[in-house]
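Every chain is numbered from 1 and lettered A, B, ... according to where its sequence line falls, protein lines coming before strand lines.
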Protein chains: 2
Amino acid sequence: MDKNTWNALEARTKIIKALAHPVRLFIVEELNKGELCVCELQKFIGYDMSTVSKHLTILKNAGIVMDRKEGTSSYYQLRVPCILNFFNCVEEVLESNLKLNNEIIMTCRNK
Amino acid sequence: MDKNTWNALEARTKIIKALAHPVRLFIVEELNKGELCVCELQKFIGYDMSTVSKHLTILKNAGIVMDRKEGTSSYYQLRVPCILNFFNCVEEVLESNLKLNNEIIMTCRNK
DNA sequence: CTTTTATTTGGCAATATGACCAAATAACCA
DNA sequence: TGGTTATTTGGTCATATTGCCAAATAAAAG
């Protein structure tokens, strides 16, 4: 595999990795409903404020969210709206997994 | 956050995590062109055969690929075709990131 | 039956990730 | 100014990930 191919893969991986955590997935879904500050997200999530802040930094560095300061607060919002299509596909995989499990169960029953 | 919400997040995270690695991303893209055996993928990737095999197991456990034995070989193929839409979104984020960088560069020049 | 080929599994070491706490920063208020 | 609030940053520790090697497995070939 050549260097360019690898670099392209790594660039895309960075974005996918940013979404590959339950807390960050939750944040993206909440932000899809509208802008929120760190303390609001922290209340929903229940983890330490610093942990939530670090998760937001990861999403920001990946280019998925952007922030806006107002007073002492930082408000975060989605920067790229297509993220939801992304999730549609994940749902499709989940449904497909369920279907397969059902088939396996049915096959076992018929034996 | 309640237990159900968390479980749903974790289920989706498992799928996203499976895609969050350059080698696995490469595998998915190659398999999109058609079925391949482990040794063919190994030649492209250059890593140890056991490493490639483990990456394939991760994709399989996430429900993204499926395998088929033929002789001594295992052939892998995509189980869910929508994976490419998924990548379209990642590309959109990348393009958006590039656009932002250009804006920053332009702003700096004008100062 | 032994050897070869393709793959998977187990184990280990290096590195990355993710949680918390404590401290630093920054804006606002009294 | 000094204190409060919101956020970020640095440090540390536990755990997860990822690579390789060696060994186990399994089918095919000689």
Rounded to the nearest angstrom, tell me the gap between atom CG in A:Asp67 and atom C1' in D:dT8. 11 Å

Between D:dT17 atom P and B:Leu59 atom CG, what is the distance in whole Å? 14 Å

Indicate yes or no: at least one non-hydrogen side-chain atom of B:Glu40 is less than 4.5 angstrom from one of B:Glu30. no

Atom NZ of B:Lys60 and atom OG1 of B:Thr57: how far apart are they, to the nearest 0.5 Å? 7.0 Å

Check the interface with nucleotides 3-7 of chain D: list each N/O to N/O pair with the protein under 3.5 Å, or write none.
residue: D:dA6; atom: O4'; partner: A:Thr72; partner atom: OG1; Å: 3.1
residue: D:dA6; atom: O3'; partner: A:Ser73; partner atom: OG; Å: 3.3
residue: D:dT7; atom: OP1; partner: A:Val38; partner atom: N; Å: 3.1
residue: D:dT7; atom: OP1; partner: A:Ser74; partner atom: N; Å: 3.2
residue: D:dT7; atom: OP1; partner: A:Ser74; partner atom: O; Å: 3.4
residue: D:dT7; atom: OP2; partner: A:Cys39; partner atom: N; Å: 2.6
residue: D:dT7; atom: O3'; partner: A:Ser74; partner atom: OG; Å: 3.2

Between A:Trp6 (CH2) and D:dT18 (P), how many Å, whole number? 11 Å

Answer yes or no: side-chain N or O of A:Lys54 and base N or O of D:dG11 forming a donor-acceptor pair under 3.5 Å. yes

Could you report the tightest heavy-atom contact between A:Met49 and A:Gln42, atom names first, then the distance? CA-CG, 3.7 Å

Select base, sugar-phosphate, or nothing to describe what A:Lys17 touches, counting heavy atoms under 4.0 Å on all strands. sugar-phosphate

Rounded to whole angstroms, how far apart are CD on A:Glu10 and P on C:dA16? 11 Å

Determine, using the 4.5 Å side-chain heavy-atom cutoff (strictly less than), whether B:Met66 and B:Ile64 are members of one ILVMFWY cluster. no

Heavy-atom check, side chain of A:Val23 versus side chain of A:Ile27, under 4.5 Å: yes

Nearest-nucleotide wise, let me know which of B:Ser50 and B:Glu70 is further upstream toward the 5' end of DNA chain D. B:Ser50

Could you tell me the separation between the CD atom of B:Gln42 and the P atom of D:dC21, rounded to a whole number of Å? 12 Å

Counting only side-chain nitrogens and oxygens, does A:His55 get under 4.0 Å of the OP1 or OP2 atom of C:dA19? yes

Which of parallel (below 30°), tilted (30 to 60°) and perpendicular (above 60°) describes A:His55 and A:His21? tilted

To the nearest Å, give me how far apart CD1 (A:Ile45) and P (C:dC20) are. 11 Å

Can you hop from A:Ile58 to A:Ile45 via hydrophobic side chains spaced under 4.5 Å? no

Would you kindly give the CG-to-C1' distance between B:Asn61 and D:dT17, to the nearest whole Å? 15 Å

If you assign each of A:Ala20 and A:Gly71 to its closest nucleotide in DNA chain C, which residue comes earlier from the 5' end? A:Ala20

D:dG19 P sits how many Å from B:Tyr47 OH, rounded? 5 Å

